Amino acid sequence: MMKFISWNVNGLRACVKPKTDDEGNVKSKGFEAYFKELDADFFCLQETKMQEGQLDLQFEGYQSYWNYAERKGYSGTAIYTRHTPLSVNYGIGIEEHDHEGRVVTLEMTDFYLVCVYTPNSQEAETKGGKPRRLAYRMKWEDDFQAYLHALDEKKPVIVCGDMNVAHEEIDIKNPKTNHLSAGFTDEERGKMTTLLSNGFTDTFRALHPDDVTYSWWSYRFRSRERNTGWRIDYFLTSNRLRDRITDASIHNEIFGSDHCPIELDID
């Protein structure tokens with residue numbers, strides 16, 4: 001069995017430190033402790049918010065591959081792996097999209113692993129308006145899906161990360177009041193539907209069709225304490241890997257970021 005973990009750490013340098021509450025109780029054991037506990041073959045990160053050389057965080061038995069955004073303190077993706085890849089690719093090969101460190105792809109013997117941090121479409125400037133970056137997000141979706149399909153023609157694909165969309169109403173605490181919100185617009189949800197209709201499986205939803213479980217909570221309004229969350233972190237696989245999936249889970253017991261880690265296990 002191979003174990004995959006994906007986690008939007010919302011700033012790795014901050015996530016790496018243990019955290020306590022006002023009374024001194026441990027809220028987060030820190031990234032290094034969780035990394036070792038989860039004991040994954042592949043550990044994918046999003047929103048590292050780092051530049052090269054800012055943090056030397058290596059683990060025995062692992063290689064790591066990092067894609068940094070040109071803008072400091074922004075975006076960024078990385079993959080730790082116990083298995084040496086045949087090749088590594090950064091970005092999707094389109095200049096418009098490849099300045100923000102959003103994609104790392106490892107080519108393995110019998111699959112591709114793609115770690116992605118999908119652009120947030122950002123809230124509208126006026127109430128009831130369209131998210132500010134929605135047009136760009138739609139262009140990203142088309143180009144990124146074309147990239148995945150091109151890989152899928154060669155060998156199966158596992159794509160994971162913060163995809164910045166709650167696909168169905170079950171994936172968000174308050175669907176009615178968030179209908180026009182960034183990450184839950186009809187346009188963004190439609191793009192996910194398109195991808196899932198064209199050869200890809202949402203692994204968590206395939207195994208847990210009725211589970212109401214979230215992976216992201218706003219830092220505002222005590223959202224995590226009240227479990228007012230969204231499921232916007234995914235492991236998607238090419239449909240032909242479906243029979244190899246043994247488990248897909250969301251580790252909402254782990255703190256340290258506004259997201260929690262998600263897991264995929266395959267034979």
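This structure is a prediction, so every number in the text was calculated from the model and none was measured. Numbers here simply count residues along the sequence, with the first being 1.
- No more than 12 heavy-atom neighbours from other residues, nucleotides or ligands sit within 6.0 angstrom of CD on Glu125.
- Leu134 forms part of a hydrophobic cluster together with Met138, judged by ILVMFWY side-chain heavy-atom separations under 4.5 Å.
- Checked for salt-bridge contact, Arg132 and Glu123 miss the test: no charged N lies under 4.0 Å from a carboxylate O.
- No side-chain heavy atom of Thr105 sits less than 4.5 Å from a side-chain heavy atom of Val88.
- Both tests hold for Arg224 against Phe255: distance to the six-membered ring centre under 6.0 Å, angle to the ring axis within 45°.
- Side-chain contact check for Leu264 versus Asp247: every heavy-atom pair is 4.5 Å or farther apart.
- Using a distance-only test at 3.5 Å, with no hydrogens or angles considered, a donor-acceptor pair links the side chain of Gln54 to the main chain of Gln51.
- Note on Arg133 versus Glu100: salt bridge recorded, some NZ/NE/NH1/NH2 to OD/OE distance being below 4.0 Å.
- Side-chain atoms of His251 and Ile262, non-hydrogen and from C-beta on, never get closer than 4.5 Å to each other.
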message: Run Ile79 and Leu45 through side-chain contact (heavy atoms from CB on, under 4.5 Å) and show every step you take.
response: CA-CA 6 Å; Ile79 302 177; Leu45 307 179; over 6 Å; no
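- A donor-acceptor contact shorter than 3.5 Å is absent between the side chain of Asn8 and the backbone of His259.
- Judged purely by atom type and a 3.5 angstrom limit, Asp243 has no side-chain atom pairing as donor or acceptor with the backbone of Ile245.
- Hydrophobic clustering (ILVMFWY, side-chain heavy atoms < 4.5 Å, transitive): Phe42 and Val104 are in one cluster.
- With hydrogens and angles left out, the side-chain atoms of Thr201 and Asn239 include a donor and acceptor closer than 3.5 Å.
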task: Verify side-chain hydrogen bond (donor to acceptor under 3.5 Å, both in side chains) between Glu47 and Ser75, making sure each step is shown before the conclusion.
output: CA-CA 4 Å; Glu47 210 170 357; Ser75 190; over 6 Å; no
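- Residues Arg137 and Met163 share a closest heavy-atom pair of NH2-O, 3.1 Å.
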message: Checking Phe43 against Phe31 for the ring pair (Phe, Tyr, Trp, His ring centres under 6.0 Å) test, could you report, in this order, the C-alpha distance in whole Å, the side-chain angles of both residues, the deciding distance, and whether it holds?
response: CA-CA 11 Å; Phe43 203 118; Phe31 178 79; 5.4 Å; yes
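- With respect to Arg205 and Glu168, no salt bridge is recorded, no charged nitrogen being found less than 4.0 Å from a carboxylate O.
- Ion pair Asp202/Arg231 flagged as a salt bridge, since at least one NZ, NE, NH1 or NH2 atom sits closer than 4.0 Å to an Asp/Glu carboxylate oxygen.
- With no hydrogens or angles considered, a side-chain donor-acceptor pair links Gln46 and Ser6 at under 3.5 Å.
- Taking both residues in full, the closest heavy atoms of Ala40 and Ile5 are given as CB-CG1, 3.6 Å, listed atom of the first, atom of the second, then distance.
- Ion pairing between a basic and an acidic side chain is recognised when a charged N comes within 4.0 Å of a carboxylate O; Glu187 and Lys191 show no such pairing.
- Looking at Leu195 and Leu236, their side chains come closer than 4.5 Å, going by heavy atoms from C-beta outward.
- Summarising the geometry of Trp217 relative to Gly229, their closest heavy-atom pair is CD1-CA, 3.5 Å, with the distance given to 0.1 Å.
- A continuous path of hydrophobic side-chain contacts links Phe204 to Ile266 [ILVMFWY only; heavy atoms under 4.5 Å].
- Between Thr213 and His208, the side chains place no donor N or O within less than 3.5 Å of an acceptor N or O (distance only, hydrogens not considered).
- Residues Thr20 and Lys27 fail the side-chain proximity criterion, which asks for heavy atoms closer than 4.5 Å.
- Contact record, Ile250 with Cys260: CG2-SG, 3.4 Å, taken as the closest heavy-atom pair.
- Using a 4.5 Å heavy-atom threshold, the side chains of Tyr65 and Thr77 count as separate.
- Looking at Lys49 and Asn10, their side chains do bring a donor and an acceptor atom within 3.5 Å of each other.
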From CA spacing to verdict: ring pair (Phe, Tyr, Trp, His ring centres under 6.0 Å), Tyr80, Phe35: CA-CA 10 Å; Tyr80 287 92; Phe35 184 96; 5.1 Å; yes
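- Using a 4.5 Å heavy-atom cutoff, the side chains of Leu241 and Ile158 are in contact.
- Note on Ile170: it does not cluster hydrophobically with Leu207, by side-chain heavy-atom contacts below 4.5 Å among ILVMFWY residues.
- Outside the 6.0 Å centre-distance limit, the rings of Tyr74 and Tyr117 are not counted as a close aromatic pair.
- A donor-acceptor contact under 3.5 angstrom links the side chains of Ser238 and Asp152, judged on distance only.
- A salt bridge links Asp39 and Arg82; the closest N-O separation between the charged side-chain nitrogens and carboxylate oxygens is under 4.0 Å.
- With 3.5 Å as the limit, one finds a donor-acceptor pair spanning the side chains of Asn25 and Asp21.
- Ion pairing between a basic and an acidic side chain is recognised when a charged N comes within 4.0 Å of a carboxylate O; Glu107 and Lys154 show no such pairing.
- Across every non-hydrogen atom of Asp171 and Ala166, the tightest pair is O-CB, 3.7 Å.
- Counted by atom type alone, Asp258 and Trp216 present one or more donor-acceptor pairs between their side chains at under 3.5 Å.
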query: Does the pair Phe184 and Val165 meet the rule for a side-chain contact (heavy atoms from CB on, under 4.5 Å), with working shown?
result: CA-CA 6 Å; Phe184 198 61; Val165 60; 5.9 Å; no
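- Between the CE atom of Met192 and the CD1 atom of Ile232 there is a distance of 10.5 Å, given to the nearest 0.5 Å.
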- request: Decide side-chain hydrogen bond (donor to acceptor under 3.5 Å, both in side chains) for Asp41 and His83; before the verdict, give the C-alpha distance in whole Å, the side-chain angles of both, and the deciding distance to 0.1 Å.
  value: CA-CA 7 Å; Asp41 292 275; His83 308 278; 2.8 Å; yes
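- One finds a salt bridge joining Glu96 and Lys139 here, because a Lys/Arg side-chain nitrogen approaches an Asp/Glu carboxylate oxygen to under 4.0 Å.
- Counting non-hydrogen atoms of other residues, nucleotides and ligands closer than 6.0 Å to NZ of Lys3 gives a total above 12.
- Ionic pairing of Asp110 and Arg244 is present here: one or more N-O contacts between side-chain nitrogen and carboxylate oxygen are shorter than 4.0 angstrom.
- The 12-atom threshold is exceeded at NZ of Lys19, counting heavy atoms of other residues, nucleotides or ligands nearer than 6.0 Å.
- Each of Tyr136, Trp140, Tyr147 was scored for a side-chain hydrogen bond (donor to acceptor under 3.5 Å, both in side chains) with His97, with one residue passing: Tyr136.
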Steps toward side-chain contact (heavy atoms from CB on, under 4.5 Å) verdict (Phe200, Leu148): CA-CA 10 Å; Phe200 283 85; Leu148 295 180; 4.1 Å; yes
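- Under a hydrophobic-cluster definition in which Ile, Leu, Val, Met, Phe, Trp and Tyr are linked whenever side-chain heavy atoms come within less than 4.5 Å, directly or via other members, Leu151 and Phe144 are assigned to the same cluster.
- Donor-acceptor pairing under 3.5 Å is recorded for the side chains of Ser121 and Glu188.
- For the residue pair Tyr62 / Glu60, no side-chain donor-acceptor distance below 3.5 Å is found, with atom types taken as modelled.
- What you find for Leu113 and Cys160 is that their closest heavy atoms are CD1-SG, 4.4 Å.
- For the pair Arg102 and Asn67, the minimum side-chain heavy-atom distance is 4.5 Å or more.
- Under a hydrophobic clustering in which Ile, Leu, Val, Met, Phe, Trp and Tyr are joined whenever their side-chain heavy atoms come within less than 4.5 Å, directly or via other members, Ile254 and Val9 fall into the same cluster.
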